[in-house]
Novice: 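Just passing along the structure, written as structure tokens.
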Amino acid sequence: MALRLYNTMSGGKEPFEPLVPGKVGMYVCGVTVYDYCHIGHARANIVFDVIYRYLKYAGYDVNYVRNYTDVDDKIINRANERGISSKALSEEFIKAFDEDMAALGLERPTHEPKATEYIEQIVALVATLVDKGIAYESGGDVYYAVEKFDNYLKLSKRNMDEMQAGARIAPGEQKRNPMDFALWKAAKPNEPAWESPWGPGRPGWHIECSAMSSSLLGDSFDIHGGGKDLVFPHHENEIAQSEGASGKPFVKYWMHNGFVNINQEKMSKSLGNFFTIRDILEKYDPEVVRFFILSAHYRSPIDFSDKNLEDAKAGLTRFYEMLQAADEIIASNPATKAVCPEIKDEEREIFDRVEMMEEKFAEAMDDDFNTALALGNLFDVVRALNRLLGEKRFDDCPLSLKVLADGVKKLRRLGAVLGFFASDPTDWLEKQKSDALQDGDLSAEQIEGLIAERKQARVDKNFARADEIRDELDEKGVILLDSREGTSWKLK
RNA sequence: GGCCCCGUCGCCAAGUGGUAAGGCAGCGGUCUGCAACACCGUUAUCACCAGUUCGAAUCUGGUCGGGGCCUCCA
């Protein structure tokens with residue numbers, strides 16, 4: 001089954017057929033750089049990171065553009081509050097954004113343009129719209145006349161009359177129609193400004209995306225993405241600008257990710273439940289955050305809560321523990337040419353499961369990037385490989401070893417498409433332990449000391465004392481795991 | 001008020017016409033000196049009502065409940 005994706009424009013899933021076979025042009029709205037990014041930005045960027053990775057995995061040559069909007073009212077206001085230039089402020093938060101995305105393990109897009117580097121193209125685009133009579137100059141501002149564009153509001157499926165009833169003209173604006181929006185704003189004191197045919201000024205919000213996307217992807221391209229909240233007005237206005245200017249269809253597939261709620265409530269600054277990516281990464285491993293986000297479909301709302309993050313951590317730990325066990329077995333069992341005496345039915349089943357892994361993964365991802373289903377399929381593989389590990393037949397059945405090695409390799413390759421399992425399992429698991437110990441009153445040394453004492457007690461067959469130590473540690477959240485190689489520990 | 005979305009096991013979450021994936025938690029086993037891990041088994045008829053259909057969680061209408069957008073927002 002080929003890739004199908006949900007198109008906001010049509011409201012349904014459609015087969016994915018790029019404009020140019022084998023190639024994909026994809027534009028995702030980045031951030032306005034005036035503050036630190038929050039968990040909602042994390043979701044949007046992780047979702048499109050996975051879409052980017054999967055398209056490449058599926059064999060497409062992807063041109064992925066994600067912009068920085070570095071000129072905007074909010075930037076100007078914030079910069080003035082702090083008494084620094086807009087440029088200094090935006091540079092500060094571009095750097096912060098890059099750091100956050102790197103911490104979350106995102107791949108870099110093909111292009112990461114900044115609005116201020118495309119002023120020339122923006123001015124040219126506005127001029128084209130003015131020449132075509134779609135936009136008009138008014139007191140140094142330039143506005144888009146929405147009634148000149150027949151398809152306005154087709155993406156958000158709104159009604160012009162009803163929208164106008166609620167629309168207002170802000171003080172200082174000189175629009176003909178309340179629904180018109182600014183393409184260019186005349187310069188005011190203490191604002192960054194560039195020369196233009198309408199006098200010094202700066203771009204409005206929306207026009208930068210039209211200019212950057214056409215410069216880097218052409219007038220028409222395949223996928224345009226962003227958060228659901230951008231459907232109106234941002235994306236609606238982009239369509240009006242781009243199609244109004246070029247006369248060609250702008251975007252073939254519109255994709256929008258759902259919101260992140262905090263403990264069942266909408267995330268908002270007024271509720272004080274605003275978490276930045278930095279706050280979250282203090283407490284949770286970045287891969288756990290990614291796992292949490294990808295365990296739901298990208299269009300569904302997700303609820304950010306401690307419980308949900310703990311669940312995600314438990315799930316990811318299950319993968320890493322299996323990988324760790326498998327790595328140890330593979331490292332300690334050199335491949336031989338011996339032939340298995342016989343293959344059990346259960347083993348046959350496991351082998352099939354590994355065999356089917358890629359197909360099942362693609363099936364899930366092809367269905368509008370269903371990462372939740374894809375992860376569920378990978379969990380099935382974990383159970384299968386754990387069974388194989390439990391059989392302990394690696395001495396007399398090299399085929400089992402081969403299947404295990406093959407399974408682990410495939411699991412890592414597919415995991416990488418979702419951005420998982422890049423760490424060494426032992427390193428990752430150790431890091432979770434040491435991070436968790438930070439909050440407790442027990443050190444690793446103390447735990448090791450008690451383990452040594454218990455080991456002696458067990459040698460002495462003093463099981464009462466051995467159990468006492470186990471219980472004592474258990475109360476503090478430390479679980480002991482005895483094995484042939486000795487005793488290790490983990491945290492609840 | 002307009003437009004849109006959602007309501008699946010204790011929790012999270014797939015599933016858009018053919019008799020409910022997966023994870024976490026729970027319970028019963030195997031393993032273990034005891035445990036843990038792992039494995040095996042076990043736990044739902046899909047908010048409610050009425051329709052369409054041979055057949056619906058999946059389609060239609062209605063009821064109740066929750067949420068989003070309409071102003072800056074991923």
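Just so it is clear, the values below take in all heavy atoms, side chains as well, and ignore hydrogens, waters and symmetry mates. Residue numbers start from 1 in every chain, and the chains themselves are labelled A, B, ... in the order their sequence lines are given, proteins ahead of strands. Please read these numbers as outputs of a predicted model, since none were measured by experiment.
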Novice: Across all strands shown, which nucleotide pairs with B:G7 by Watson-Crick or G-U wobble geometry, both distances under 3.5 Å?
Specialist: B:C64
Novice: Under 4.0 Å between any heavy atoms, over every strand shown, what does A:S483 touch: base, sugar-phosphate, or nothing? Just pick one.
Specialist: nothing
Novice: Categorize A:H38 for me: base, sugar-phosphate, or nothing, with a 4.0 angstrom heavy-atom threshold over every strand shown.
Specialist: base
Novice: Looking at the base of B:G22, is there any donor atom on it, or on the side chain of A:N377, that sits under 3.5 Å from an acceptor on the other one?
Specialist: no
Novice: Quick check: any donor-acceptor pair below 3.5 Å linking the side-chain of A:R299 to the base of B:G67?
Specialist: no
Novice: What is the nucleic acid contact for A:R43, judged by heavy atoms within less than 4.0 Å: base, sugar-phosphate only, or nothing?
Specialist: nothing
Novice: For A:G258, which contact category applies under a 4.0 Å heavy-atom criterion: base, sugar-phosphate, or nothing?
Specialist: base
Novice: On the side chain of A:D482, is there an atom forming a donor-acceptor pair with the base of B:C34 - under 3.5 Å, no angle test?
Specialist: yes
Novice: Side chain of A:R470, base of B:C34: donor and acceptor closer than 3.5 Å?
Specialist: yes
Novice: Could you tell me if A:R4 sits above the aromatic ring of A:F16, with its cationic atom closer than 6.0 Å to the ring centre and no more than 45 degrees from the axis?
Specialist: no
Novice: Quick test of your reading of the model: are A:R387 and A:E347 salt-bridged, counting only N-O distances below 4.0 Å?
Specialist: no
Novice: Taking A:H206 as the fixed residue, which of A:H234, A:H235, A:E236, A:Q241 is the one that meets the side-chain hydrogen bond (donor to acceptor under 3.5 Å, both in side chains) rule?
Specialist: A:H234
Novice: Which is true for A:N159 with a 4.0 Å heavy-atom rule: it touches a base, it touches only sugar-phosphate, or it touches nothing?
Specialist: nothing
Novice: Give A:F259 one of three labels, base, sugar-phosphate or nothing, depending on what nucleic acid heavy atoms sit under 4.0 Å from its own.
Specialist: base
Novice: Taking for each residue the nucleotide of RNA chain B with the nearest heavy atom, is it A:R158 or A:K490 whose nucleotide lies nearer the 5' end?
Specialist: A:K490
Novice: Would you say the side-chain atoms of A:Y36 and A:D100 include a donor-acceptor pair closer than 3.5 Å?
Specialist: no
Novice: Which part of the nucleic acid, if any, lies within contact of A:R66, taking any heavy atom under 4.0 Å across all strands shown: a base, the sugar-phosphate backbone alone, or nothing?
Specialist: nothing
Novice: Counting Watson-Crick and G-U wobble pairs only, both distances under 3.5 Å, name the nucleotide matched with B:C69, or none.
Specialist: B:G2
Novice: Could you say whether the aromatic ring of A:F379 and the base of B:G22 stack, counting only centre distances under 5.5 Å and plane angles under 30°?
Specialist: no
Novice: A:D180 side chain to A:V146 main-chain N or O, any donor-acceptor pair under 3.5 Å?
Specialist: yes
Novice: Between A:G227 and A:K307, name the one whose nearest nucleotide on RNA chain B is closer to the 5' end.
Specialist: A:K307
Novice: With a 3.5 Å cut-off and heavy atoms only, can you find an N or O donor on one side and an acceptor on the other between the side chain of A:R383 and the base of B:G22?
Specialist: no
Novice: Counting only Watson-Crick or G-U wobble pairs whose two distances fall under 3.5 Å, which nucleotide matches B:C34?
Specialist: none
